[in-house]
2 protein chains.
Amino acid sequence: MADGRMMAPSSGDSLLFLTDEQLRQGIEAMFFAYRGFTADPDRILADMAYGRAHHRAIHFINRAPGTTVNNLLNILGVTKQSLNRVLRTLIADGLVQSKVGRNDKRERHLFLTDEGRKLEQELSDAQRARMRLAFRTAGPEAVAGFRTVLEAMMDPEMRQSFDRLRESAP
Amino acid sequence: MADGRMMAPSSGDSLLFLTDEQLRQGIEAMFFAYRGFTADPDRILADMAYGRAHHRAIHFINRAPGTTVNNLLNILGVTKQSLNRVLRTLIADGLVQSKVGRNDKRERHLFLTDEGRKLEQELSDAQRARMRLAFRTAGPEAVAGFRTVLEAMMDPEMRQSFDRLRESAP
DNA sequence: AGTTTACGTCAGCCTTGTTGACATTCCAAT
DNA sequence: ATTGGAATGTCAACAAGGCTGACGTAAACT
């Protein structure tokens with residue numbers, strides 16, 4: 001543990017990016033960047049009775065329309081009670097529609113209503129605007145590196161979810 | 001807004017990384033990666049009576065020993081009441097020491113105790129291990145891009161805090 | 001027929017964020 | 001020297017959004 005400092009600085013030097021100090025800067029970059037990442041949608045949601053949890057649900061229902069509750073549970077990594085509280089309000093407010101499964105009637109398939117899609121657009125427009133600016137500023141090679149590191153940072157199961165979503169809309 | 005889809009696909013093509021779909025994948029990558037990023041410290045903290053807020057405080061006190069409460073407030077972006085609750089428990093448990101300022105006795109300067117440094121080590125070792133693996137897997141160029149995009153994603157004030165911390169320990 | 005799966009719900013708890021009000025201490029400027 | 005304002009601490013109340021545990025229903029599987 002903490003072997004970065006113990007490494008002889010002369011060993012490789014192309015491994016400079018693996019020193020404890022570089023790693024710590026990466027950690028802090030993640031912290032500060034994530035704040036920016038969520039700031040814009042948070043501002044929009046603050047006015048309504050919704051929070052980040054609603055945003056996440058709306059995002060992934062939009063991304064994979066007709067997804068089941070269980071599937072959403074796995075993607076979001078929360079308990080069904082926690083998700084249910086969010087879904088209940090979204091359904092009650094007419095942003096999400098829940099349809100009983102045709103083959104398996106135990107399942108509920110989730111869809112955004114027109115109103116739900118409207119809010120999703122508003123939220124993701126804001127979030128994409130920041131991402132677009134960051135991407136444009138950094139350039140395509142940086143973006144590729146960004147993606148590579150983030151994928152390597154995920155838990156394997158998360159990586160699977162990520163890949164599955166990517167396949168569904170290439 | 002949402003101009004990515006409207007762009008003629010043939011316009012540039014080196015701008016392929018700015019399509020709405022690419023931006024959305026970036027957004028989802030941030031979401032899933034941040035989960036991984038916090039997973040290991042969270043697991044350690046779950047056993048104790050501490051949470052992510054304690055981890056953040058400990059991290060930045062370790063990073064900038066002697067920092068004032070106000071300074072920490074700006075870095076963490078929470079209210080003083082929220083931070084105070086966390087600091088109170090950390091001080092009571094003997095992980096953090098608060099010293100009255102010499103020049104300005106209104107200020108409290110914060111330091112980790114030996115025990116606090118021990119916990120900080122344990123937490124950051126876990127977090128660095130994941131970051132190191134991700135960095136090593138992705139390679140130095142990817143890491144550079146990762147850093148570039150994250151910095152471009154920060155709010156300007158966060159960017160300042162980030163840079164200031166970087167200068168303090170180059 | 002019995003078991004498992006998918007989902008919903010009630011109740012209660014914890015962390016971590018918020019606002020508002022108020023006290024204290026002390027620097028700095030008038 | 002007094003006063004205004006800044007930095008800090010604290011009390012109270014509240015909300016979002018996690019969690020566990022228990023229970024119920026309906027459908028599907030074996």
Side-chain angles (χ1 to χ4, degrees), chain A residues 31 34-35 38-39 41-61 66-93 96-111, chain B residues 31 34-35 38-39 41-61 66-93 96-111:
Chain A
F31 172 70
Y34 198 78
R35 286 258 294 282
T38 57
D42 281 359
R43 256 189 294 275
I44 295 171
L45 290 160
D47 298 336
M48 324 184 201
Y50 297 138
R52 216 175 278 180
H54 301 83
H55 180 197
R56 290 197 283 261
I58 288 175
H59 174 98
F60 286 108
I61 293 173
T67 187
T68 64
V69 173
N70 231 0
N71 187 17
L72 202 51
L73 239 37
N74 290 327
I75 288 177
L76 296 177
V78 296
T79 58
K80 66 175 177 177
Q81 293 91 331
S82 207
L83 174 58
N84 191 255
R85 177 171 34 199
V86 167
L87 281 182
R88 213 185 317 167
T89 69
L90 289 175
I91 291 170
D93 295 353
V96 168
Q97 195 186 358
S98 162
K99 287 182 185 171
V100 173
R102 283 205 307 169
N103 297 341
D104 189 334
K105 290 179 189 166
R106 291 170 306 177
E107 295 181 339
R108 304 298 142 90
H109 298 276
L110 302 170
F111 302 87
Chain B
F31 172 69
Y34 198 78
R35 286 258 292 282
T38 57
D42 281 358
R43 256 189 295 275
I44 295 172
L45 290 161
D47 297 337
M48 324 184 201
Y50 297 139
R52 214 174 278 181
H54 300 83
H55 180 197
R56 291 196 283 260
I58 288 175
H59 174 97
F60 286 109
I61 293 173
T67 186
T68 64
V69 172
N70 228 7
N71 188 16
L72 203 50
L73 238 39
N74 291 327
I75 289 177
L76 295 176
V78 297
T79 58
K80 65 177 177 177
Q81 293 91 331
S82 204
L83 174 59
N84 192 256
R85 176 171 37 200
V86 167
L87 282 180
R88 214 184 318 164
T89 70
L90 289 175
I91 291 170
D93 295 353
V96 167
Q97 196 186 357
S98 163
K99 287 183 186 169
V100 173
R102 284 205 307 170
N103 297 342
D104 188 335
K105 291 178 189 168
R106 292 167 302 178
E107 295 181 340
R108 304 299 142 93
H109 298 274
L110 302 168
F111 302 87

Fill in: Nucleic acid footprint by protein, nucleotides 11-23 of chain C - heavy-atom cut-off 4.0 Å, B for base, S for sugar-phosphate alone
----SBBBBBB--

Atom-to-atom span, [atom1] of [X] to [atom2] of [N] - whole angstrom:
X      : N      : atom1 : atom2 : answer
B/L110 : D/dA7  : CG    : P     : 15 Å
A/L87  : C/dC7  : CG    : C1'   : 11 Å
B/K105 : D/dG9  : NZ    : P     : 16 Å
A/N103 : C/dT5  : CG    : P     : 19 Å
A/R88  : D/dG17 : CZ    : P     : 13 Å
B/L72  : D/dT8  : CG    : C1'   : 13 Å
A/L90  : C/dG8  : CG    : C1'   : 16 Å
A/L76  : D/dC19 : CG    : C1'   : 16 Å

Discussion item. With a 4.0 Å cutoff (strictly under), does any side-chain N or O of B/N70 reach OP1 or OP2 of D/dT8?
Written reply: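 Indeed, a polar side-chain atom of B/N70 lies that close.
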
Worksheet item: How many angstroms lie between atom NE2 of A/H59 and atom CZ of A/R52, to the nearest 0.5 angstrom?
Response: 14.5 Å

pair [X]-[Y]: side-chain heavy atoms closer than 4.5 Å:
X     : Y      : answer
A/V69 : A/K80  : no
B/N70 : B/E107 : no
A/T67 : A/F60  : no

Worksheet entry | Residue whose closest nucleotide on DNA chain C lies nearer the 5' end, A/N84 versus B/D104 |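 Nearest-nucleotide comparison on DNA chain C picks A/N84.
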
Worksheet item: Can you name the one residue among B/V86, B/I44, B/I58, B/D93 that meets side-chain contact (heavy atoms from CB on, under 4.5 Å) with B/Y50?
Response: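 Output: one option passes, namely B/D93.
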
Item to complete: Check for a donor-acceptor pair, side chain of A/R35 on one end and backbone N or O of B/L76 on the other, with a separation under 3.5 Å.
Response: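 Checked: pair present.
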
Practice prompt. Please confirm whether the backbone N or O of B/T79 pairs with a side-chain atom of B/S82, one donor and one acceptor, at under 3.5 Å?
Written response: no

Worksheet item: Is A/N71 touching bases, backbone alone, or none of the nucleic acid, heavy atoms closer than 4.0 Å?
Response: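 Here A/N71 touches no strand at all.
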
Worksheet item: Is a donor-acceptor contact shorter than 3.5 angstrom present between the side chain of B/R106 and the base of D/dA6?
Response: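 Present.
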
